[in-house]
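Only one structure is covered here, and it is reproduced in the block below.
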Amino acid sequence: MRAAVYRTFGPAEVVRVEDVPTPTPDAEDVLIRVHAATVSVTDATARRGSPAFSRLFFGLRRPKWPVLGSEFAGVVEAVGPAVTRLRVGDEVVGVTGPDFGAHAEYVRVHQDAALAAKPADLDFAEVVALADGTALAFLRDKARLGAGQTILVNGASGSVGSAAVQLAKHFGARVTGVCGTANLDLVRSLGADTVLDHTTDDFTRAGQTYDVVFDAAGKSSFGRCRRVLNPDGIYLSTVPSAAILFQMPWTAAFGRRKAVIAFTGLRKPAEKGRDLALVTELATAGRIRPVIADRYPLERIAEAHRHLDRGKYGNIILTIPGPADPPAS
Ligand SMILES: NC(=O)c1ccc[n+]([C@@H]2O[C@H](COP(=O)([O-])OP(=O)(O)OC[C@H]3O[C@@H](n4cnc5c(N)ncnc54)[C@H](OP(=O)(O)O)[C@@H]3O)[C@@H](O)[C@H]2O)c1
């Protein structure tokens, strides 16, 4: 099969399309013909092998997993003899384990992996753009966001932030989105009640307070955001720092305002699968929509990585069309 492979850490050009052996499913595995996958910030971090501590996970001297890609959508091509949950021909959206592998024509996952049925009214690229459950896990499970609460989403135009704005509206919250100038209209169109431009406004000095500050971009800190949190407010960050790793247990024990970091990728596959089913349901009901910055066919994987390195809004999608699909854009 064709796959996007990298064998050394470095710039976008280290990723090349190669022929590699197609995985064969073990007894409880399913083999999925991938039609679309996200090319995410995690893929870029793994490709660069930077920051240095990330190599503890991605490989010390060379990449541990040569094919990147976590979120995928496709069609079940083959199933192992003990598979009961899926059948050949099922259209699914899913997330691989920590070993990646979705930037390829085929990916093999266990039948109990994070998987959900693809709704018929979303195409493969659209459904995979909804598959990252980070925003849902933070807002529902960590903030317990509810109707009437106020939330500020920092990095509201990104993959996590654009989902967070829409989900926060779905939960009935009043939403302020913070993004760059070029993305103000996008964030407004996602339902944000107020939109701030981080290039001209400092939300920590604007005099407004919130029940929740969700720093989806990891560009702020609990220290700076403390003053814009209501007395029982919660600061959530997607990006680990020495400070928040200390502040989280400290604020859990003392004081009313809390600082929270979470690693949503480490959740159980069953939990992620349930969240996939929920977000696809919300999308089908028109409550949320995928945000796609660009689509690149597999052959242009290095371009997709260059796009990531420049910075992006929403999601970058890798398409892997089969013979029966329309030509890739
Ligand atoms: N902890 C976890 O479980 C977890 C899970 C997934 C992702 N993450 C992390 O979450 C972070 C965001 O991921 P993502 O996929 O959403 O990234 P992304 O799509 O690249 O979005 C980042 C957004 O940040 C905005 N931004 C840039 N500078 C900013 C600033 N100074 N202030 C406010 N916003 C700014 C950019 O928008 P503008 O161009 O509009 O400024 C961009 O849309 C990454 O670091 C990723 O590694 C963590």
Side-chain angles (χ1 to χ4, degrees), residues 37-48 50-51 53-54 57-58 68-71 95 98 100 114 128-143 152-167 176-190 192 195-206 213-221 224-225 228 235-241 244-245 248 259-268 271-272 275 290-294 304-317:
T38 57
V39 188
S40 71
V41 173
T42 307
D43 296 320
T45 306
R47 188 209 75 223
R48 290 186 204 111
S50 163
F53 71 80
S54 71
F57 185 70
F58 299 126
L68 294 171
S70 300
E71 292 98 17
V95 185
F100 301 97
V128 83
L130 296 164
D132 175 10
T134 304
L136 184 58
F138 271 94
L139 300 191
R140 181 195 56 196
D141 305 336
K142 300 297 172 191
L152 177 137
V153 179
N154 194 33
S157 56
S159 167
V160 176
S162 60
V165 169
Q166 300 184 82
L167 287 166
T176 298
V178 182
C179 61
T181 316
N183 294 318
L184 293 170
D185 286 344
L186 166 74
V187 173
R188 220 170 270 127
S189 78
L190 297 174
V195 182
L196 300 175
D197 183 339
H198 65 72
T199 67
T200 53
D201 310 315
D202 178 352
F203 72 85
T204 67
R205 303 261 170 215
V213 171
F214 180 32
D215 193 355
K219 299 285 183 188
S220 189
S221 66
R224 286 186 57 217
C225 292
V228 296
Y235 169 81
L236 306 166
S237 178
T238 56
V239 178
S241 66
I244 199 163
L245 291 174
M248 186 157 128
V260 173
I261 169 86
F263 302 97
T264 60
L266 303 179
R267 291 176 309 146
K268 292 195 176 77
E271 234 175 285
K272 293 192 214 173
D275 285 354
V291 179
I292 297 179
D294 223 332
H305 274 271
R306 276 195 289 275
H307 187 159
L308 267 177
D309 291 351
R310 286 196 302 275
K312 65 169 173 79
Y313 70 86
N315 295 274
I316 296 176
I317 306 296

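In listed order, ligands and their atoms are each counted from 1.
Residue-level contacts of ligand 1 at the 4.0 Å heavy-atom threshold are V41, T134, N154, G155, S157, G158, S159, V160, C179, G180, N183, H198, A216, A217, K219, T238, V239, A262, F263, T264, K312, G314.
Listed by chain and number, the residues in a side-chain contact (heavy atoms from CB on, under 4.5 Å) with R188 are L184, D185, V195 (sequence neighbours excluded). Legend: residues meeting salt bridge (charged side-chain N to carboxylate O under 4.0 Å, His left out) with D141, ordered by chain and number and at least two apart, are absent. Judged as a salt bridge (charged side-chain N to carboxylate O under 4.0 Å, His left out), and not counting sequence neighbours, D215 has no contacts.
You'll find the side chain of Q166 reaches within 4.5 Å of the side chain of V291, heavy atoms only.
L130 contributes atom CG, which lies 11.0 Å from atom OG1 of T38 (distance to the nearest 0.5 angstrom).
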Determine whether K312 and D294 satisfy the following criterion, salt bridge (Lys or Arg N to Asp or Glu O under 4.0 Å), listing intermediate values before the conclusion. CA-CA 9 Å; K312 65 169 173 79; D294 223 332; over 6 Å; no

